[in-house]
Amino acid sequence: MRLYIDPKEGKPIYRQIIDQIKYLIAAGRLQPGDELPTIRGLAEELLINPNTVARAYREMEQAGILATRHGAGTFVSKTASPMAYEERRRILKERVRLLLSESYHLGFELDEIQNLVREIYEEEHIQTRE
Amino acid sequence: MTDFIAPDAVINVRKLSRKYWRKEALNTVSITVTPGVVYGLVGENGAGKTTLLKHIIGRLRARSGRVRVFGLDPIKNPVAVLSRLGYLSEDRDIPGWMRVGEAMRYTRAFYAGWDESYAVSLRERFELDERAKIKTLSRGEKAKCGLLLALSYRPALLVLDEPSSGLDPSARRDILEAIVRTVADEGRTVLFSSHLLDEVERVADVVALMHQGKVVFEESLESIKARHVRLLVSCAEVDTVIPNLPGLLQVIGGGRERTLVCEGELESLQTSAISCGLKVLDISRPSLEEVFLARIAPTNKKERAS
């Protein structure tokens with residue numbers, strides 16, 4: 001697990017941790033049952049206040065994303081996946097928004113974009129089936 | 001700032017004032033540092049940070065006001081205070097003729113709590129040669145050596161004056177790591193001054209902003225962020241003058257799009273911006289650096305080119 005903290009971003013650091021861990025779960029790079037670093041370990045690695053890591057973990061526990069087993073550590077919750085759909089959708093939405101603004105500046109209309117998406121999807125699909 | 005004395009405060013400074021010639025170095029400064037927090041002291045050069053720290057470690061006597069560390073006056077009880085306090089000064093004053101090993105043995109003699117195996121492990125981690133003379137060390141190595149001496153008796157309070165100033169990224173990393181490790185050990189407290197605001201934002205729980213000898217605010221980092229808002233707005237014309245919105249601290253940038261750093265409730269700021277004919281493109285929280293710059297801008301609401 002590799003997280004990147006940018007204190008200049010303005011978004012509180014505990015929020016950055018939560019968003020990135022959610023993303024890693026949504027992307028399947030963290031699986032249910034995977035163990036997370038200790039609070040102290042992550043704080044030292046990211047050079048941030050341990051209280052900040054503790055807060056991020058606590059909020060994710062309350063949301064059912066992480067589960068702490070006393071003495072054993074903190075794990076990705078087994079029930080984390082129902083959350084993941086909304087999260088995946090949110091991430092995709094952000095990407096689509098970027099795609100649309102880029103398309104606008106390049107002078108493409110919606111139907112052209114849709115055609116292009118379909119075209120590429122089919123190409124990729126054929127490739128993976130081969 | 002109240003005159004409230006927190007009973008368990010590690011550091012308690014009340015209405016401390018100090019004049020150098022006619023210049024007011026400290027003007028009725030009050031701060032409270034509670035156990036287990038990382039307390040960041042920020043401000044421009046000459047804001048009074050070092051003068052305040054010197055009072056806390058007992059190098060300066062309070063002429064007006066009160067300073068208590070662990071509930072004690074550091075001038076009257078230097079041994080009781082200093083034995084539990086680790087200090088890294090801005091100029092890391094270790095005698096240049098000493099070797100690293102000698103500086104360690106010399107410091108050890110003063111502190112009953114000196115932990116030799118911890119000291120050696122720090123020396124190894126910092127890659128310091130015990131035979132090297134202090135004066136031959138690089139800036140970063142000198143800072144690491146000073147930090148080693150300040151940490152090796154596991155003080156309950158670590159005071160660092162501009163610890164990262166002028167250091168390369170690797171030495172800065174070691175300093176930050178030491179702060180994180182110190183506070184991860186239960187009950188230990190860190191007070192550090194810095195003008196590197198992204199470092200303060202990384203590690204501080206509480207931040208005090210000093211400006212011209214005064215404490216502008218002393219607050220948890222979280223509430224500082226919650227209290228300030230960054231609005232990206234679009235104006236009708238390039239030369240539109242941003243109206244005097246309630247809570248507006250600073251306008252950054254020119255042209256049609258400007259960034260407004262404001263203080264207040266997110267919704268009401270948004271509403272008042274819209275009612276002034278501005279189009280709000282984005283709402284976010286400012287970084288500590290943006291809050292800092294907005295707060296100490298020579299005159300409030302001053303325009304700043306980005």
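For the numbers below, each heavy atom of this structure counts, side chains included, while hydrogens, waters and symmetry mates do not. Per chain, numbering begins at 1; letters A, B, ... match sequence-line order.
Crowding of A:Arg90 atom CZ: a count of heavy atoms from other residues, nucleotides or ligands under 6.0 Å exceeding 12. The number of heavy-atom neighbours closer than 6.0 Å to CD of A:Glu35, taken from other residues, nucleotides and ligands shown, is above 12. Summarising the local packing, CZ of A:Phe75 is surrounded by more than 12 heavy atoms from other residues, nucleotides or ligands at distances under 6.0 Å. More than 12 heavy-atom neighbours from other residues, nucleotides or ligands sit within 6.0 angstrom of CZ on B:Phe126. Residue B:Tyr118 places its OH atom among more than 12 non-hydrogen atoms of other residues, nucleotides or ligands, all under 6.0 Å distant. Heavy atoms from other residues, nucleotides or ligands lying under 6.0 Å from CG of A:Asp111 number more than 12. Surrounding CD of A:Glu61 are more than 12 heavy atoms belonging to other residues, nucleotides or ligands, all under 6.0 Å away.
Between the CD atom of A:Glu45 and the CD atom of B:Glu177 there is a distance of 10.0 Å, given to the nearest 0.5 Å.
With respect to the salt-bridge test (charged N to carboxylate O, under 4.0 angstrom), the residues B:Glu222 and A:Arg55 qualify.
The shortest heavy-atom contact between B:Ala204 and A:Asn49 is C-ND2, 4.0 Å. A:Leu47 and B:Val180 get closest at one heavy-atom pair: C-CG2, 4.1 Å.
B:Val183 is listed as a side-chain neighbour of A:Pro50, based on a closest heavy-atom distance under 4.5 Å. The shortest side-chain heavy-atom distance between B:Arg181 and A:Arg40 falls under the 4.5 Å cut-off.
Applying side chain to side chain contact (heavy atoms under 4.5 Å, CB included) to A:Pro7 and the options B:Leu196, B:Asp198, B:Leu197 leaves one that passes, B:Asp198. For the side chain to side chain contact (heavy atoms under 4.5 Å, CB included) with B:Arg202, the lone residue among A:Asp6, A:Ile48, A:Thr52 that qualifies is A:Ile48.
Of the atoms belonging to B:Ala226, not a single heavy atom falls under 4.5 Å from chain A. Using a 4.5 Å cut-off between heavy atoms, B:Arg173 touches chain A through backbone and side chain atoms alike. For chain B, the nearby part of A:Ile13 is the side chain; its heavy atoms alone come within less than 4.5 Å.
When A:Glu44, A:Lys11, A:Lys8 are compared by the number of non-hydrogen pairs under 4.5 Å with chain B, A:Glu44 comes out ahead.
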